[in-house]
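The block underneath contains the structure these notes are about, expressed in structure tokens.
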There are 2 protein chains.
Amino acid sequence: MQLLSLTEENYIKAIYSIQHSNGTGEVSVNEIAEKMQTRPATVTDMLRKLSEKALIHYEKYKKVQLTAPGTKTALSILRKHRLWETFLYQRLNFSWDEVHEVAEQLEHIHSAKLIERLDEFLGFPEYDPHGDPIPKPNGDVPVSTAKLLSEIKSGDKCKIVAVKDTTSPFLRQLQRYNLTIGCRLTVLERLPFDGSIIVRTEKEEQIQLSEKIAVNLLVL
Amino acid sequence: MQLLSLTEENYIKAIYSIQHSNGTGEVSVNEIAEKMQTRPATVTDMLRKLSEKALIHYEKYKKVQLTAPGTKTALSILRKHRLWETFLYQRLNFSWDEVHEVAEQLEHIHSAKLIERLDEFLGFPEYDPHGDPIPKPNGDVPVSTAKLLSEIKSGDKCKIVAVKDTTSPFLRQLQRYNLTIGCRLTVLERLPFDGSIIVRTEKEEQIQLSEKIAVNLLVL
DNA sequence: TTATCACATTAACCAAGGCTTACTAAGCTA
DNA sequence: TAGCTTAGTAAGCCTTGGTTAATGTGATAA
């Protein structure tokens, strides 16, 4: 795995992320430009570069996909990012919504040894503070069978294992409800009109969660 | 404190380091060029930049000195470097000779919160694995009262707190003796002819240490 | 089946950062 | 004060990552 510039790494991340969020696994120039806050022309240039480095499959006017090495690179960055997030959250008592920004910097530190030792130090965690799976060194990604809270039948119990949205506004709203990874919930009622869900927490509190909240909470 | 580029930070570090190694506290362009592995002309350019940012006192053809803010910046970088070294050594089991390179990268991460939390996590250490003082957030630099093992009177007890030499041959020899940071020693006898010192460890072992070893062990 | 339009590419160019060489200026010292 | 060492200036190179404006492509709707 060659050494990439910070920007190159961020493009790889962006492509990976888009690939995994829009079902098809194929990514357009415009989507990348959008994500990277830049112009399509800039993206085309970068795609040529990444293609020369064999990190992406790229043909003019066609959609983009990561190659095997490209995917490996993306997973390696993701691994670093999520391990650092876990470290910040578990050991340095950063809050949920603070970890991302700093991890964004730390993920670009180049040292295989560092990241393996960090993994060991953290006890080989499988999921980061947001419940996202931490890729293994070989690229395996732990698969979660988690479902969306919005899919849970009323009467059923479940446990929050992850969040889909990881932006501060969402995480802060969860904090207001006192909801966090690991919380056990019982779904009391689902309101058909707006998709709201009423749940009971372990502390016997009743909370009404909007549909938008419910589709961003992953539970088991 | 403004945000500096990686290179700017490294120049500041270099100037600080030269300032503190050549008694006078004044630094020449050539010395900086030497340390930074670059040409004097390049240094002149950078000095103009750093001077504009008020980090150094600089007048053409005169020696260079850090200003108060410049010194603060240097200490802040040093603080980060040494805290990361401590983390790598103490928590991730990096060896003495491995910490520097990685800390060199980590020291450029920008997050005041990160470094304060790291400090707290490590228990507010005063010295890094090499026994160098870790500057405080306000810029104070702990003064070590540690003495060389070679200065300890026979009969006195002491504890190893740092090593002066950090090269692997020395460290490997210490490992053979089973000596490490924190070991308590009793100085039994000092041999005047070659300066050797005979010590007793906590495990009641007796070890004879050469003068060269003794002048590279810092004890309290 | 072709006209259209969104999307992608190219070309030319910009700016910052960090560096170089070649030349010139300063200042110390004999 | 000559001569050497040291430092500064000017001009310019290269890389990275960006821009705009113009042009090319190809899916699709009429």
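Numbered from 1 within each chain, the chains take letters A, B, ... in sequence-line order.
Among the heavy atoms of the strands lying under 4.0 Å from B:Thr42 is at least one base atom, whether or not backbone atoms are also near.
Rounded to whole Å, the distance from CD on B:Glu26 to P on C:dC28 is 12 Å. Regarding B:Met36, its CE atom lies at a distance of 7 Å from the P atom of C:dC19, rounded to whole Å. Atom-to-atom, CD of A:Gln37 to P of D:dG17 comes out at 17 Å; the value is rounded to the nearest Å. Between the CE atom of B:Met46 and the P atom of D:dT9 there is a distance of 16 Å, given to the nearest Å. One atom, CG of B:Asn30, and another, C1' of C:dC28, lie 15 Å apart when rounded to the nearest Å. Atom CZ in A:Arg39 sits about 14 Å away from atom C1' in C:dC7, given to the nearest Å. Following rounding to the nearest Å, B:Asn10 (CG) and C:dG17 (C1') show an atom-to-atom distance of 14 Å. One interatomic measurement links the two molecules: NZ of A:Lys63 to C1' of C:dT9, which rounds to 16 Å at whole-angstrom precision.
Ion pairing of B:Arg82 with B:Glu107 is absent here, as no side-chain N (NZ or NE/NH1/NH2) approaches a carboxylate O to less than 4.0 Å.
B:Ser5 has a side-chain polar atom (N or O) that falls below the 4.0 Å cut-off from OP1 or OP2 of C:dG18. Listed pair B:Thr44 / D:dA7 fails the phosphate criterion, with no side-chain N or O lying under 4.0 Å from OP1 or OP2.
Along DNA chain D, the nucleotide nearest to A:Thr38 and the one nearest to A:Tyr61 differ in position, and the one closer to the 5' end is contacted by A:Thr38. If you find the closest nucleotide of DNA chain D to A:Ala41 and to A:Glu8, the one lying nearer the 5' end belongs to A:Glu8.
Across residues 47-60 of chain A, A:Lys49 each have a non-hydrogen atom less than 4.0 Å from an atom of DNA chain D (numbered order).
There is a side-chain donor-acceptor pair under 3.5 Å between A:Thr167 and A:Asp165. For the residue pair A:Asn30 and A:Ser28, no side-chain donor N or O sits within less than 3.5 Å of a side-chain acceptor on the partner. No donor-acceptor contact under 3.5 angstrom links the side chains of B:His110 and A:Gln105, judged on distance only.
A cation-pi geometry, defined here as NZ or CZ lying under 6.0 Å from the six-membered ring centre and within 45° of its normal, does not hold between A:Arg48 and A:Tyr58.
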Mind listing the side-chain donor-acceptor pairs of residues 119-138 of chain B below 3.5 Å, one per line with the distance, residues two or more places apart or on another chain?
from: B:Asp119; atom 1: OD2; to: B:Arg79; atom 2: NH2; distance (Å): 3.0
from: B:Tyr127; atom 1: OH; to: B:Val143; atom 2: O; distance (Å): 3.1
from: B:Tyr127; atom 1: OH; to: B:Ser144; atom 2: N; distance (Å): 3.2
from: B:Asp128; atom 1: OD1; to: B:His130; atom 2: N; distance (Å): 2.8
from: B:Asp128; atom 1: OD1; to: B:Gly131; atom 2: N; distance (Å): 3.0
from: B:Asp128; atom 1: OD1; to: B:Asp132; atom 2: N; distance (Å): 2.9
from: B:His130; atom 1: ND1; to: B:Glu85; atom 2: OE1; distance (Å): 3.2
from: B:Asn138; atom 1: OD1; to: B:Asp140; atom 2: N; distance (Å): 2.8
from: B:Asn138; atom 1: ND2; to: B:Asp140; atom 2: OD2; distance (Å): 3.3

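Nearest to the side chain of B:Asp45, among C:dA8, D:dG8, C:dT20, sits C:dT20.
Pairing each heavy atom of B:Phe94 with each of B:Tyr89, the nearest pair is O-CD1, 3.3 Å.
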